[in-house]
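Please read the structure below before turning to the comments.
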Amino acid sequence: MALCLNQVFNKDKTFRPRKRFEPGTQRFELYKKAQASLKSGLDLKTVVQLPPGENINDWIAVHVVDFFNRINLIYGTMSEFCTEKSCPIMSGGFKYEYRWQDDNKFKRPTKLSAPLYMNMLMEWIETLINNEDIFPTRMGVPFPKNFQQVCHKILTRLFRVFVHVYIHHFDGIISVGAEAHVNTCYKHFYYFITEFSLIDHRELEPLVREGMGNSLHID
């Protein structure tokens, strides 16, 4: 899957630098296991399930970083279609508007253009996944008690990238020949977040309203 995405998308347009796993670490081995399962042709519902004997937080951490890298790559390529002029508001169709809040620069939900929202989002996620107190990489260092809550928020916001790209830039996806690859990435993401209840059901509504659930054959 990662190989296919790299073949389709322009790596020079990656929105943020890729986060990599250190070879020799348990996280790296889990990442290789997840990638091997993807390439084996197994059903995606099976691929996302926690392997026997593995720690759930390690499994979630590996996927959060991997999804960040992939969605980062997808949006980086789509960004030529997503401009201040074409997308002055970060939205998912006419009914859904996403406002940005990070308790730092934007302490209250703030209306932003889609490109600025995406930039703030990727920067915010990058800061979190590079924070050793939240995503520890050293052996024996425990995850914080609120780790899954943090991941829930990260994945919810990453899901909004799919919503925006599918609803507002689907023609762009088709024009670069990426429809099948984006669909597979979305399905993998969807099955993962639903397997571990890492998103609120109401966040799924924009794509359901647009009929994307049926067109993607999500069941």
Side-chain angles (χ1 to χ4, degrees), residues 1-20 31-32 34-48 62-94 96 98 113-119 121-122 125-126 154-155 157-194 199 203-204 206-219:
M1 176 64 191
L3 176 63
C4 292
L5 282 171
N6 286 340
Q7 290 171 340
V8 171
F9 295 114
N10 185 345
K11 287 184 283 186
D12 294 333
K13 292 185 177 179
T14 299
F15 211 53
R16 308 289 301 179
R18 287 175 59 86
K19 168 74 173 178
R20 300 186 183 278
Y31 171 72
K32 288 199 303 182
Q35 292 301 302
S37 295
L38 273 176
K39 294 174 183 177
S40 70
L42 288 174
D43 179 78
L44 287 173
K45 285 185 178 180
T46 302
V47 166
V48 300
V62 163
H63 282 79
V64 167
V65 173
D66 188 39
F67 286 132
F68 166 72
N69 285 333
R70 288 203 237 163
I71 295 169
N72 179 18
L73 185 60
I74 290 170
Y75 183 74
T77 300
M78 294 295 104
S79 61
E80 65 182 278
F81 306 107
C82 186
T83 65
E84 298 284 337
K85 184 176 180 180
S86 67
C87 305
I89 298 172
M90 175 57 181
S91 60
F94 293 110
Y96 300 91
Y98 302 123
S113 67
L116 182 53
Y117 183 102
M118 299 295 187
N119 185 65
L121 172 61
M122 299 305 177
I125 295 174
E126 189 176 36
I154 290 173
L155 293 168
R157 287 180 164 182
L158 281 176
F159 182 80
R160 294 171 182 176
V161 179
F162 278 119
V163 173
H164 182 78
V165 168
Y166 269 125
I167 294 177
H168 297 280
H169 303 297
F170 195 69
D171 288 344
I173 294 174
I174 294 174
S175 72
V176 298
E179 181 181 358
H181 302 288
V182 175
N183 286 351
T184 300
C185 185
Y186 170 74
K187 289 178 185 178
H188 185 201
F189 183 90
Y190 173 86
Y191 286 134
F192 183 80
I193 59 179
T194 52
I199 196 168
E203 288 287 341
L204 307 177
L207 291 186
V208 172
R209 286 179 62 87
E210 293 291 327
M212 296 305 295
N214 291 331
S215 64
L216 292 170
H217 305 293
I218 298 291
D219 52 21

Inset, instruction - Kindly indicate whether the side chain of Leu207, heavy atoms from C-beta on, has any atom under 4.5 Å from the side chain of Tyr166. - result: yes
Inset, instruction - Looking only at non-hydrogen atoms, find the nearest pair between Pro115 and Glu84 and report the distance. - result: CG-N, 3.7 Å
Inset, instruction - With sequence neighbours left out, write down each residue that passes side-chain contact (heavy atoms from CB on, under 4.5 Å) with Ile174, or none if nothing qualifies. - result: Phe170, Glu179
Inset, instruction - Rounded to the nearest 0.5 Å, what's the gap from CG on Asn69 to CD1 on Ile125? Could you check? - result: 10.5 Å
Inset, instruction - Could you pull out the closest heavy-atom pair between Thr184 and Leu44, with the gap in Å? - result: O-CD1, 4.1 Å
Legend entry - Summary of salt bridge (Lys or Arg N to Asp or Glu O under 4.0 Å) pairs that have at least one residue in residues 159-170, sequence neighbours excluded: Arg160-Glu203
Inset, instruction - Please round to the nearest 0.5 Å and tell me the distance separating atom CG of Asp66 and atom CZ of Phe192. - result: 10.0 Å
Inset, instruction - Compute the ring centroids of Tyr190 and Phe162, then answer whether they are less than 6.0 Å apart. - result: no
Legend entry - Pairwise side-chain contact, Val176 with Met78, heavy-atom cut-off 4.5 Å (strictly under): yes
Legend entry - Min side-chain heavy-atom separation Tyr96-Ile167 under 4.5 Å: no
Legend entry - Thr83: side-chain contact (heavy atoms from CB on, under 4.5 Å) partners, not counting sequence neighbours: Lys85, Ser86
Legend entry - Tyr75 versus Asn119, side-chain donor and acceptor atoms under 3.5 Å: no
Legend entry - Verdict with reasoning, Leu155 to Ile199, per side-chain contact (heavy atoms from CB on, under 4.5 Å): CA-CA 7 Å; Leu155 293 168; Ile199 196 168; over 6 Å; no
Legend entry - Shortest non-hydrogen contact between Cys185 and Ile74, atoms and distance: SG-CD1, 4.0 Å
Inset, instruction - Examine Phe81 together with His169 and report whether their ring centres are nearer than 6.0 Å. - result: no
Inset, instruction - Look at the side chain of His164 and the backbone N and O of Ser91, then say whether any donor-acceptor pair between them is shorter than 3.5 Å. - result: yes
Legend entry - Gap between atom CD1 of Ile193 and atom NE2 of His63 - 0.5 Å precision: 12.5 Å
Inset, instruction - Measure the shortest side-chain to side-chain distance between His181 and Ile173 over non-hydrogen atoms and say whether it is less than 4.5 angstrom. - result: no
Legend entry - Spacing of Met90 atom CE and Arg157 atom CZ [to the nearest 0.5 Å]: 10.5 Å
Inset, instruction - Could you tell me the separation between the CE atom of Met118 and the OG atom of Ser79, rounded to the nearest 0.5 Å? - result: 10.0 Å
Inset, instruction - Please work out which of the three classes, parallel, tilted or perpendicular, describes the rings of Phe67 and Phe189, given edges at 30° and 60°. - result: perpendicular
